[in-house]
There are 2 protein chains.
Amino acid sequence: MNSADPTRTPRSRRERPAKPALSRAGIVAAAVHVLRTEGLGKVTMRRLARELDTGPASLYVYVRNTDELHAAVLDELLAEVDLSPAREPGGEWRERLTRLLTSYLEMLFRHPSLARSALTVHPAGAHYLDLVEALLVLLREGGVSDARAAWGVDLLLQYATAMAAEHAGDHPDSLDDTFTAIATASPARHPELARLGDVLVAGGGAGRLSWGFATLIAGIEAAPEPPVTGA
Amino acid sequence: MNSADPTRTPRSRRERPAKPALSRAGIVAAAVHVLRTEGLGKVTMRRLARELDTGPASLYVYVRNTDELHAAVLDELLAEVDLSPAREPGGEWRERLTRLLTSYLEMLFRHPSLARSALTVHPAGAHYLDLVEALLVLLREGGVSDARAAWGVDLLLQYATAMAAEHAGDHPDSLDDTFTAIATASPARHPELARLGDVLVAGGGAGRLSWGFATLIAGIEAAPEPPVTGA
DNA sequence: ACCTGAACACCGTTCAAGT
DNA sequence: ACCTGAACACCGTTCAAGT
């Protein structure tokens, strides 16, 4: 018994800064770091393995696959969303709801590549639950029925996420092509397009976004009650 | 002048079935075929090059990049959408609008992998213009103002596309995890989640979809007029 | 147990060189 | 001009083997 030293894993001290043991949290932290510095495109198993000074196979002990990793990253980023509009009773509920959603959307805009994956990969982490809870609180405050609120939350989050995802593509070529196609629409085959050309292309910015939120909220209030099939 | 034969490119007849000359249309057709048989995941430059009996570099003469290829495939598939509800005056406009959108959505459901890319890559092809035109016609018939219709079309298409994209992920693991997280929400930290648990998870099918369409249409009718900034 | 080297089967895109 | 072989710089995931 020559191992009297209580500090764990003494081993041979290397030049490297200690190489902390692998863990899910460590992997996700590294992933967030790579996301912030280089975008989601670089958040790959192989890249992270290099970052953590190991081989890609090692990560599969803690993460099921790349999609799950991205979901974990998203949940981490969700911590940045400002949920205070749901807590502090300042101002009208619709306006506070819009502020909260805008905060969510701004986070995704800061990491546009993440929005795409956010549409298909639903996180299951604590921060995601916090966000949904906050939205439900605000909708309830607005007198929205439970069934409407439950489905409405999905609609609102999906809209914000899709909005960010569209922006993420940001292929100026592709968008230009679409605009040109609309602008040069033949009045014979596409009379409405030709007539509305300007309006269709106009306003890609904040105005459209807040109109979208207002429209969704109005719809949630005005639409028929969802058919609640009790489980 | 020994080339009296009017048939072009006689060359040396090979075993291969003639190897038609490369063209953008041919590439897109091959891409659609691979999509139908193996999904968008296999619609890659390299795979298509193999399919067309050439090297991947050759495709770049006709297609800017992979995203543009996917957009072209989407526009091709858009031809499957049933636009008749916009032409035949049978039934209420809202109901016809929903039928048209459902047809669009069903197409994406048949090719779920395409929906994801449809969110970020806007097609500029003729079929896409046909679809937008049809939606505009129906909204106009419903007395929706031009500005509302212009922005509303985007909202409706985005909802349908995002719905299909979510379904596309189809990672049963990821969804199960989210459901479990909601079901086991702590009443202390997430009272609304705990209270509404059942309702939140309930109804992933057709009911939710048609509620979504109804909600959006109601919102478009009820929301404030968009601030039309004339170009 | 926990970890990993090496392998398998792929990618997008570019560019110098061929016809 | 139009086309392409070969190269560059990557991927996700698995599995047999090591400690």
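Numbers restart at 1 for each chain; the letters A, B, ... are given by sequence-line order, proteins then strands.
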Inset, instruction - Go through A:Arg99 and A:Asp82 one step at a time and tell me if the salt bridge (Lys or Arg N to Asp or Glu O under 4.0 Å) criterion holds. - result: CA-CA 9 Å; A:Arg99 243 163 47 216; A:Asp82 177 19; over 6 Å; no

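Residue A:Thr66 is classed as a sugar-phosphate contact, given heavy-atom separations below 4.0 Å to backbone atoms only. Within 4.0 Å (heavy atoms only), A:Thr44 reaches sugar-phosphate atoms of the nucleic acid but no base atom.
Across the protein-nucleic acid pair, B:Arg47 atom CZ and D:dC11 atom P stand 24 Å apart, rounded to whole Å. Taking atom CE on B:Met45 and atom P on D:dC3, their separation rounds to 15 Å, with Å as the unit. Rounded to a whole Å, the CZ atom of A:Arg64 is 12 Å from the P atom of D:dT13. Atom CG in B:Leu59 sits about 12 Å away from atom P in C:dC11, given to the nearest Å. Between the CZ atom of B:Arg46 and the P atom of D:dC8 there is a distance of 13 Å, rounded to whole Å. Rounded to an integer number of Å, the gap from CZ of A:Arg24 to P of C:dC2 is 16 Å. At whole-Å resolution of the value, CZ in A:Arg50 and C1' in D:dC11 are 10 Å apart. Across the protein-nucleic acid pair, A:Tyr60 atom OH and D:dT14 atom P stand 7 Å apart, rounded to whole Å.
When each of A:Lys42 and A:Pro56 is assigned the nucleotide of DNA chain D bearing its nearest heavy atom, the one mapping closer to the 5' terminus is A:Lys42. Judged by closest nucleotide on DNA chain D, A:Gly41 is the one of A:Ala57 and A:Gly41 placed further toward the 5' end.
For the pair A:Arg47 (side chain) and A:Lys42 (backbone), a donor-acceptor distance under 3.5 Å is absent. At least one donor-acceptor pair closer than 3.5 Å links the side chain of B:His70 to the backbone N or O of B:Val43.
The side-chain heavy atoms of B:Val61 and B:Ser58, taken from C-beta on, include no pair separated by under 4.5 Å.
Ion pair B:Glu80/B:Arg36 flagged as a salt bridge, since at least one NZ, NE, NH1 or NH2 atom sits closer than 4.0 Å to an Asp/Glu carboxylate oxygen. The pair B:Glu133-A:Arg189 does not meet the salt-bridge criterion, since no charged nitrogen lies less than 4.0 angstrom from a carboxylate oxygen.
Rounded to whole Å, the separation between the P atoms of C:dA9 and D:dA9 comes to 24 Å.
Rounding to the nearest 0.5 angstrom, the gap separating the CH2 atom in B:Trp151 from the CH2 atom in A:Trp211 is 7.5 Å.
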Inset, instruction - With pairs defined as Watson-Crick or G-U wobble and both distances under 3.5 angstrom, please note down DNA chain D as a dot-bracket string, | for pairing with another strand. - result: ||.|||||...|||||.||

